[in-house]
Amino acid sequence: MIQYTGPMNLQTIGHLIAERRRAKGLTLTQLATEAAVGRSTLAALEAGKLLELGLERVARLCAAVDLVLEARPLALNQPLMKHRHLSEVAGRELTKAAIDDIITRGTISTWRKLVQAMNADKTGRIARRVADVAQTLGKRDPKARAFAALLRKLPAKPHNAAAE
């Protein structure tokens, strides 16, 4: 699996498309036909000779070779959203999307608050949701793999239904 998280430009995208095309055993003509672009355009893109190519054509080429285009800020010093759902009273609002954001874009501080929310939840629902999201994200995101490894090292808290 190719994972490139550096700054993207048309030259880099062309290189990644060429790698994926070869790995899939496709010729220039086959990929160009599948993505509805000209063969010479594709060849120029792969060679890094194109100065401009419309986003729609780039997206079609990427989709044809199973690449995903993702736009986000280059460097995230803070999570994208305020983690208001990590307050003690808002644990029930902790959605999978919020957990994803905390794990992939959060800091150690937000990870710590997430663990606190898991520990505060007597039902275990948040812990199950976090484990599920961490496992799914860990397949493609190195930061999520690190979080999942930390999560496995945490002591398991037995759930006592009689105490509720």
Side-chain angles (χ1 to χ4, degrees), residues 1-86 92-111 113-115 117-118 125-153:
M1 176 170 107
I2 298 171
Q3 184 173 14
Y4 183 84
T5 57
M8 280 287 166
N9 58 33
L10 202 53
Q11 205 170 21
T12 306
I13 291 171
H15 175 73
L16 291 171
I17 288 172
E19 272 185 32
R20 291 292 299 153
R21 176 184 61 78
R22 288 186 207 101
K24 290 181 75 126
L26 295 172
T27 65
L28 281 167
T29 303
Q30 289 170 323
L31 178 56
T33 301
E34 186 176 334
V37 299
R39 183 196 174 287
S40 60
T41 299
L42 176 58
L45 174 66
E46 287 187 1
K49 296 179 180 179
L50 278 184
L51 298 177
E52 181 61 41
L53 185 63
L55 181 60
E56 187 175 321
R57 286 195 276 180
V58 172
R60 284 196 312 259
L61 283 163
C62 287
V65 293
D66 303 323
L67 286 174
V68 175
L69 287 177
E70 183 179 77
R72 65 176 175 216
L74 286 177
L76 293 173
N77 297 330
Q78 297 285 327
L80 291 180
M81 66 174 82
K82 291 251 185 210
H83 294 297
R84 64 166 177 71
H85 43 266
L86 288 177
R92 66 184 172 280
E93 296 178 26
L94 204 52
T95 65
K96 286 187 175 185
I99 293 167
D100 180 313
D101 183 60
I102 292 164
I103 293 171
T104 59
R105 296 178 178 94
T107 62
I108 290 292
S109 173
T110 53
W111 284 7
K113 288 180 183 177
L114 180 58
V115 171
M118 291 167 48
R125 193 174 97 220
I126 293 175
R128 287 189 300 275
R129 192 176 293 160
V130 168
D132 181 48
V133 171
Q135 180 181 7
T136 302
L137 289 174
K139 294 177 184 172
R140 62 176 166 81
D141 186 283
K143 192 171 179 183
R145 272 193 297 278
F147 178 81
L150 288 173
L151 201 57
R152 286 190 296 272
K153 292 180 180 181

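Just so you know, these numbers use all the heavy atoms, side chains as well, and skip hydrogens, waters and symmetry mates. Note that the structure is predicted; figures quoted are calculated from it, not measured.
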Requested in this report: Take C62 and V68 through the side chain to side chain contact (heavy atoms under 4.5 Å, CB included) test and state the conclusion after the steps.
Outcome: CA-CA 6 Å; C62 287; V68 175; over 6 Å; no
Nearest-0.5 Å distance, [atom1] of residue [X] to [atom2] of residue [Y]:
X    : Y    : atom1 : atom2 : answer
R22  : T27  : CZ    : OG1   : 12.0 Å
E34  : K24  : CD    : NZ    : 6.5 Å
Q135 : R152 : CD    : CZ    : 9.0 Å
I17  : L42  : CD1   : CG    : 7.0 Å

Please report the closest heavy-atom contact between [X] and [Y], naming both atoms and the distance.
X    : Y    : result
R140 : D100 : NH2-OD2, 4.1 Å
I103 : L114 : CG1-CD2, 4.3 Å
L50  : T41  : CD1-O, 3.7 Å
L150 : W111 : CD1-CZ3, 3.6 Å
G138 : A144 : N-CB, 3.8 Å
L151 : A131 : CD2-CA, 4.0 Å

side-chain hydrogen bond (donor to acceptor under 3.5 Å, both in side chains) filter on K49, not counting sequence neighbours, yields none
Those residues at least two apart in sequence (or on a different chain) that pass side-chain hydrogen bond (donor to acceptor under 3.5 Å, both in side chains) with R60 are E56
Next item on the list: Could you walk me through whether H15 and E19 pass side chain to side chain donor-acceptor pair (under 3.5 Å), step by step?
Entry: CA-CA 6 Å; H15 175 73; E19 272 185 32; 2.7 Å; yes
Quick check: do [X] and [Y] have side-chain heavy atoms less than 4.5 Å from each other?
X    : Y    : result
D141 : F147 : no
L61  : I13  : no
V58  : L10  : yes
R57  : L45  : no
R39  : T29  : yes

Can you tell me if R21 uses its side chain to pair, donor with acceptor, with the backbone of L26 under 3.5 Å?
yes
